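Structure record follows, encoded as structure tokens.
Fair warning: this is a prediction, and the values are worked out from it, not measured in the lab. Counting begins at 1 with the first residue of the sequence.
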Amino acid sequence: MLFCAACIFVLVFLSLDVVAVRSRKLPSISGSIVLTDESLESFRLMGRQRELATSHVLNGTGKPFSKVLRVSTVSAARSEWNVQLVAAIDSSVKTGDVLLARFWMRCIGSMTGEGFVTFVYEIASPEFDKAAEARLGAGTQWTECCIPFRAARDFPAGGTQVCFRVGYDRQTIEIASIQIVNYGNGATLEDLPRARVSYGGRNRDAAWRRAALTRIDRHRKADLTIKVVDSSGRSVPNAKVRVELKRHAFRFGSCVAVDHLLDPSPDGDEYRNVVEKNFNCAVFENEMKWQALDSGISPRLDQALQWLRSRNIQVRGHNLVWPGWKWLPPKLRQYANQPDQLRQITARHITDVVSHFRGKLIQWDVVNEPYTNFDLINLLGGRDVLLDWYKLARQADPKCKLHLNDYGILEGGPDGAHSQDFYSNIKFLKDHGLVDGIGIQSHFAAALPSPMQVLATLDRFSELMLPIELTELSLNIDDPDLQADFMRDFLIAVFSHPNVHGLMLWGFWEQRHWRPQGALWNADWSIRPHGQAWMDLVHREWNTQIQSSTNDEGTVSVRGFLGEYDIVVCVDRKTTSECVELTSAGRCITLMMP
């Protein structure tokens, strides 16, 4: 994902927790009307695939509303925003204003009995900066939806729009009684009503969590036995032994930015400190993407990469080809009608970049998000061109593991259209012996999947017999308790799955996060609740630091997490030490005292 400086507010909303209720009580605070129910007629279908939907305003005869806006989709769009209802806003909103969007919706028909929209309040021009973005769901009963939000910037009259994204698969929904009220600085978000939010399996005694913790002990730990002897080979009882995990075998990492890694300021110092102390793997957020490298590979990128590698931090490459025009160097468009030339340029880019970083990266996302970004693929003859790209990457660095990376997989479940396409592409590449791993993004800013659904999806992709990396985790959730609980449970679920080998945050600091609300550390480097949930698990619960003494046979037995260990033995003020690797097979070592 590209770094986004805009501060975005996103309400996380789970339809299962929304019930048909009478109108929620509003605070006795006056506000100005930004949008009223009379605006139903002004909504127009827009988007690249708007032909997939129809919309009509109907009289609400016999219904609780005088008019309703009905919209139907015949199939899923490639992205929900490719089909949306849009209305212009004639009122201005100032930075810091607190607003409430309020409307009713119901589902007339869908494959599951539930229907979805995503409500958006945004600037009506690129970069479409948002004040609110909320995915909402409802069943067959009329459901009231309340979305409180705060404007992070000025939103000018005539330059702002309200959208209902409706590019979901085969559904008919109705929307009624729309109102947006601006309370200015006269109300807080806490004053305003909102839907209850949760996810399945959150309860403390959930069966899935007990099973996951058992799997963690089975798959992520092994037995380490240390025997201490003297110079004659005799066992040494009562020797003091310290066993300390220095580096997890599992990859816990984050995306990083070159500018901050090389920043000489105090913030730069703290940024580097957090990276070095907390992550054993990293990926550059933007600096290895084609657009960033189009004018050449910056020496600063090489310098930042060297800083990471000198600290034994593994580095992933992201990404070689993001095949939509939006993410490709603009100059490539001039070759849209010259496929042979375009093919040569792409091949040269892959070969040059992979060759430059040969031996320095553990993995490459060769192709990124082909389900929704396919312009280059289509121009070069379809899916077979993927084989060419992966072959070129393999030739340029045979030891680097090659991945396919995509989003929308965990959110949509194992049977969603996006997930099925991703599965098909990986199988296609694997059948040709060209892919080494599966990269699954994990950006959550809408309905949260249950840990059970996450595990089912991971099981489905594990059928391909390839290792899985969770490549981009961000939790853009405005409820700190929910955010912390979901971080805890998501970590437990994925760490418990034996085929997951790594988990990468997509940023960690508020001042450098594509969705600042998802950052684990605030701008002042104080940690947020979901950051503390990460620390409690990764650096405390899933850590091994033991001090013990050898028994009468001169041995100490430890069950520790897999990874690299420092072992120090002390007897009568004499010490000896050794660095060892603990694998799933377990380890027995003998240390001789000097």
Subject >> Full working for salt bridge (charged side-chain N to carboxylate O under 4.0 Å, His left out) between Arg242 and Asp566 >> reply: CA-CA 8 Å; Arg242 186 175 78 244; Asp566 282 345; over 6 Å; no
Original post:
Arg165 and Glu133: side-chain contact (heavy atoms from CB on, under 4.5 Å), yes or no, with the steps?
Top reply: CA-CA 10 Å; Arg165 298 173 180 167; Glu133 181 180 0; 3.0 Å; yes
**OP:** Apply the test side-chain contact (heavy atoms from CB on, under 4.5 Å) to residues Val435 and Leu464: give CA-CA distance (whole Å), side-chain angles for both, the deciding distance (0.1 Å), then the verdict.
**Re:** CA-CA 11 Å; Val435 67; Leu464 292 164; over 6 Å; no
Subject >> Phe422 and Phe461: CA distance, side-chain angles, deciding distance, ring-ring contact (aromatic ring centres under 6.0 Å, His included) verdict >> reply: CA-CA 9 Å; Phe422 187 50; Phe461 280 90; 5.4 Å; yes
**OP:** Please test Lys427 against Glu463 for salt bridge (charged side-chain N to carboxylate O under 4.0 Å, His left out), starting from the C-alpha separation and ending with a verdict.
**Re:** CA-CA 10 Å; Lys427 187 177 185 305; Glu463 295 171 2; over 6 Å; no
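With no hydrogens or angles considered, no side-chain donor-acceptor pair links Asp459 and Ser462 at under 3.5 Å. Checked by atom type, the side-chain pair Glu472/Asn405 shows a donor-acceptor distance below 3.5 Å. Arg460 and Gln420 share a donor-acceptor pair across their side chains, judged by distance under 3.5 Å alone. Side chains of Trp327 and Gln291: a donor-acceptor N/O pair is absent below 3.5 angstrom, by distance only. If you check the side chains of Asp267 and Ser265, you find no donor sitting under 3.5 Å from an acceptor. There is no side-chain donor-acceptor pair under 3.5 Å between Asn273 and Asp269.
One finds the CG atom of Asn280 at 8.0 Å from the CZ atom of Arg251 (value rounded to the nearest 0.5 Å). Rounding to the nearest 0.5 Å gives a distance of 9.5 Å between OH of Tyr565 and CD1 of Ile226. Taken to the nearest 0.5 Å, the CG atom of Asp406 stands 8.5 Å off from the CG atom of Asn373. Rounded to the nearest 0.5 angstrom, Asn499 CG and Met465 CE are separated by 8.0 Å. Distance check: His501 NE2 to Phe250 CZ gives 8.5 Å after rounding to the nearest 0.5 Å. Remark: Met504 CE to Ser442 OG distance equals 11.5 Å, nearest 0.5 Å.
The side-chain hydrogen bond (donor to acceptor under 3.5 Å, both in side chains) pairs that include a residue from residues 575-585 number zero, where partners must be two or more places apart or lie in different chains. Residue pairs meeting the side-chain hydrogen bond (donor to acceptor under 3.5 Å, both in side chains) criterion with at least one member in residues 482-493, sequence neighbours excluded: Tyr199-Asp489, Arg202-Asp485, Arg209-Asp489, Gln483-His530, Asp485-Arg488.
In terms of modelled atom types and a separation under 3.5 Å, the side chain of Asp524 and the main chain of Ser526 share a donor-acceptor contact. Without hydrogens or angle criteria, Trp290 side chain to Leu320 main chain gives no donor-acceptor distance under 3.5 Å. A donor-acceptor contact shorter than 3.5 Å is absent between the side chain of Asp365 and the backbone of His403. Arg210 contributes a side-chain N or O that, together with a main-chain N or O of Asp205, makes up a donor-acceptor pair within less than 3.5 Å. Between the side chain of Thr225 and the backbone N or O of Cys588 there is no donor-acceptor pair closer than 3.5 Å. Under the 3.5 Å distance criterion, the side-chain polar atoms of Thr555 are left unmatched by any main-chain donor or acceptor of Asn551. Side-chain N or O atoms of Thr471 include none that pairs as donor or acceptor with a backbone N or O of Gly439 at under 3.5 Å. The backbone N or O of Gln306 sits less than 3.5 Å from a side-chain atom of Ser310, completing a donor-acceptor pair. Asp397 contributes a side-chain N or O that, together with a main-chain N or O of Gly359, makes up a donor-acceptor pair within less than 3.5 Å. The backbone N or O of Asp263 sits less than 3.5 Å from a side-chain atom of Arg272, completing a donor-acceptor pair.
Counting heavy atoms from C-beta outward, Trp364 and Val353 have side chains that approach closer than 4.5 Å. In this structure the side chain of Asn425 reaches within 4.5 angstrom of the side chain of Pro370, judged on heavy atoms. Between Ile567 and Leu224, some side-chain heavy-atom pair lies under the 4.5 Å cut-off. In this structure, the side chains of Pro148 and Thr188 stay at 4.5 Å or more apart for every pair of heavy atoms.
Around the NZ atom of Lys240, the shell of radius 6.0 Å holds no more than 12 heavy atoms that belong to other residues, nucleotides or ligands. Remark: Glu244 CD is packed, more than 12 non-hydrogen atoms of other residues, nucleotides or ligands lying under 6.0 Å away. Surrounding NZ of Lys430 are more than 12 heavy atoms belonging to other residues, nucleotides or ligands, all under 6.0 Å away. Around CZ of Arg215, the count of heavy atoms belonging to other residues, nucleotides or ligands within 6.0 Å exceeds 12. Surrounding CG of Asp572 are at most 12 heavy atoms belonging to other residues, nucleotides or ligands under 6.0 Å away.
The minimum heavy-atom distance linking Trp208 with Leu455 is given by the pair CE3-CD1, 4.4 Å. Closest non-hydrogen pair, Ser235 versus Glu553, comes out as OG-O, 3.1 Å. Minimum interatomic distance between Val228 and Met593 (heavy atoms only, all atoms of both residues): CG1-CG, 3.7 Å. Minimum heavy-atom separation, Arg515 to Asn476: CD-ND2, 3.4 Å. The shortest heavy-atom contact between Trp506 and His513 is O-NE2, 3.3 Å. The minimum heavy-atom distance between Ala523 and Gln511, with the atom names listed, is CB-OE1, 3.6 Å.
Listed by chain and residue number, Arg540 satisfy the salt bridge (charged side-chain N to carboxylate O under 4.0 Å, His left out) test with Asp536 (two or more places apart in sequence, or in another chain). For the side-chain hydrogen bond (donor to acceptor under 3.5 Å, both in side chains) test, residues two or more places apart in sequence or in another chain that qualify with Asp230 are Arg234. Applying the salt bridge (charged side-chain N to carboxylate O under 4.0 Å, His left out) test to Arg559 and every residue at least two apart in sequence or in another chain returns Asp217, Asp223. With sequence neighbours excluded, the residues forming a ring-ring contact (aromatic ring centres under 6.0 Å, His included) with His418 are Tyr371, Tyr407, listed by chain and number.
One finds a salt bridge joining Arg394 and Asp436 here, because a Lys/Arg side-chain nitrogen approaches an Asp/Glu carboxylate oxygen to under 4.0 Å.
Phe508 pairs in a ring-ring contact (aromatic ring centres under 6.0 Å, His included) with only one of the listed residues (Trp514, Tyr271, Phe252), which is Tyr271. Screening Leu308, Val256, Leu505 against Phe279 for a side-chain contact (heavy atoms from CB on, under 4.5 Å) leaves a single residue, Leu505.
Using the six-membered ring where Trp is involved, Trp509 and His260 have ring planes that are perpendicular, over 60° apart on the 30 and 60° scheme.
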